[in-house]
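Each chain gets a letter, A, B and so on, in the order the sequences are listed, and its residues count up from 1. In this text, all values refer to a predicted model and were calculated from it rather than measured experimentally.
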Protein chains: 2
Amino acid sequence: MKDSSLELFVVLSRAYQSIMEVAKKDTQRFGLNLTEFGVLELLYHKGPHPLQKIGGKILLASGSITYVVDRLEEKGFLERKACERDRRITYAFLTEKGKTLMEDIFPSHAEVLQQALNGITESEKTEAIQMLKKLGKYAAARK
Amino acid sequence: MKDSSLELFVVLSRAYQSIMEVAKKDTQRFGLNLTEFGVLELLYHKGPHPLQKIGGKILLASGSITYVVDRLEEKGFLERKACERDRRITYAFLTEKGKTLMEDIFPSHAEVLQQALNGITESEKTEAIQMLKKLGKYAAARK
DNA sequence: TATAATTATCTCGAATTCGAGATAATTTCC
DNA sequence: GGAAATTATCTCGAATTCGAGATAATTATA
């Protein structure tokens, strides 16, 4: 019986890489890499987060969070603030500069992504989302 | 009008990462990372290649090819051989050790991947492949 | 044929990521 | 209450990747 898994693996990888390439090139317009953009977007849309939680959402190791948050703090887009209840925890939150940046660039970035994903129709996208969700869940459970 | 592009972007990323995580963990059983495995697999299935061509297929910058081929040569899985027609070119080809390794591990790696991708049915896979091909082509054209 | 343009590989520094271990704070449990 | 386990962050070294520039070889062109 035929199994298309390996081909699926290959085309999934290619599609992912091509799309990420577009996304990356776009964020570079603003001097940000994808990780930095991801952190800023998280804080912009979901508000302040403990560093730990950021790592969970963006899939970053603890050392990498410290690193990327350092970079963004240097650039003035976010700040750290100690948690008062639990002093192990540090929150990251957007500065005014960071908020303004995201207001400026998020819409056009979203548009670039939408453009990049226009290789299939809206109804195909809905289908693809369903399948990719299943694939992702299933694979994640095999860790 | 609704546009599911951003959701598609997110679930595509998640699915990709989960699957790659499984693939990576599997190759680590043999002390290889995914890039190393990719190079060996290419040589195993498609025969000797100029380093340049390897970079084209695996999507690696020139400096990275030199690096990964160095590692694999150190480990004894491949060797370099100067091209006689064109002395700018260096071929990489599997040693006996490398060939034996791939004979040993490729089948089980393929099986792990197939397992990881079993979150959807065979007919869904065929559909997914079609859509991902379109997505990939379209995005690649926007570079 | 000499010169210019192109091509393949390598070197090297910078950037990013991981993960183990250190430290400090909090929570659990006896 | 205090020891032990857990949790959050940071530090630091190792691994990997990129890309610019160097070098050498080949091809195209005047």
Could you identify which residues of residues 26-54 of chain B place a heavy atom less than 4.0 Å from some atom of DNA chain D, listed by residue number, or say none?
-> B/Asn33, B/Thr35
Close residues, residues 57-69 of chain A, relative to DNA chain D [heavy-atom separation under 4.0 Å] | A/Ser62, A/Gly63, A/Thr66
Sugar-phosphate means primed atoms, P, OP1 and OP2; the rest is base. With that split, encode nucleotides 23-29 of chain C 5' to 3' as B, S or - using protein heavy atoms under 4.0 Å.
-> --BS---
B/Leu72 atom CG is separated from D/dA15 atom P, nearest whole Å, by 15 Å
Separation of D/dA15 atom P from B/Glu74 atom CD, nearest Å, is 11 Å
Could you pull out the closest heavy-atom pair between A/Leu78 and A/Ala92, with the gap in Å?
-> CD2-CB, 4.5 Å
In the hydrophobic clustering that connects Ile, Leu, Val, Met, Phe, Trp and Tyr at side-chain heavy-atom distances below 4.5 Å, which members other than [X] occupy its cluster, ordered by chain and number?
X	result
B/Phe93	none
B/Ile89	B/Tyr91
A/Leu59	none

side-chain hydrogen bond (donor to acceptor under 3.5 Å, both in side chains) partners for B/Thr100, two or more places apart | none
Taking only residues two or more places apart in sequence or in another chain, which ones pass side-chain hydrogen bond (donor to acceptor under 3.5 Å, both in side chains) with B/Ser4?
-> A/Glu122
For the side chain of A/Ser64 and the backbone of A/Leu60, is there at least one donor-acceptor N/O pair under 3.5 Å apart?
-> no
Could you go through the side-chain hydrogen bond (donor to acceptor under 3.5 Å, both in side chains) check for B/Lys125 and B/Asn118 one step at a time?
-> CA-CA 9 Å; B/Lys125 284 179 199 170; B/Asn118 264 341; 3.0 Å; yes
Hey, can you pull the donor-acceptor pairs under 3.5 Å for the side chains in residues 30-37 of chain A, sequence neighbours left out?
| residue | atom | partner | partner atom | Å |
| --- | --- | --- | --- | --- |
| A/Asn33 | OD1 | A/Thr35 | N | 3.0 |
| A/Asn33 | OD1 | A/Glu36 | N | 2.8 |
| A/Glu36 | OE1 | A/Asn33 | N | 2.9 |
| A/Glu36 | OE1 | A/Lys75 | NZ | 3.3 |
| A/Glu36 | OE2 | A/Lys75 | NZ | 3.2 |

Checking side-chain contact (heavy atoms from CB on, under 4.5 Å) against A/Val11, which of B/Lys133, B/Met131, B/Gln130 comes through?
-> B/Lys133
Please, which pairs that meet salt bridge (charged side-chain N to carboxylate O under 4.0 Å, His left out) have at least one residue in residues 53-70 of chain A, sequence neighbours excluded?
-> A/Asp70-A/Arg80
Identify, with sequence neighbours excluded, every residue that meets salt bridge (Lys or Arg N to Asp or Glu O under 4.0 Å) alongside A/Lys46.
-> none
Take atom CD of B/Glu84 as the centre, draw a 6.0 Å sphere, and report whether it contains more than 12 heavy atoms from other residues, nucleotides or ligands.
-> no
Terminal helix-axis angle for the helix from C/dT1-D/dA30 to C/dC30-D/dG1, with five pairs defining each axis and rounding to 10 degrees = 20°
Considering only heavy side-chain atoms of A/Arg71, the closest of C/dA8, C/dC10, C/dT16 is C/dT16
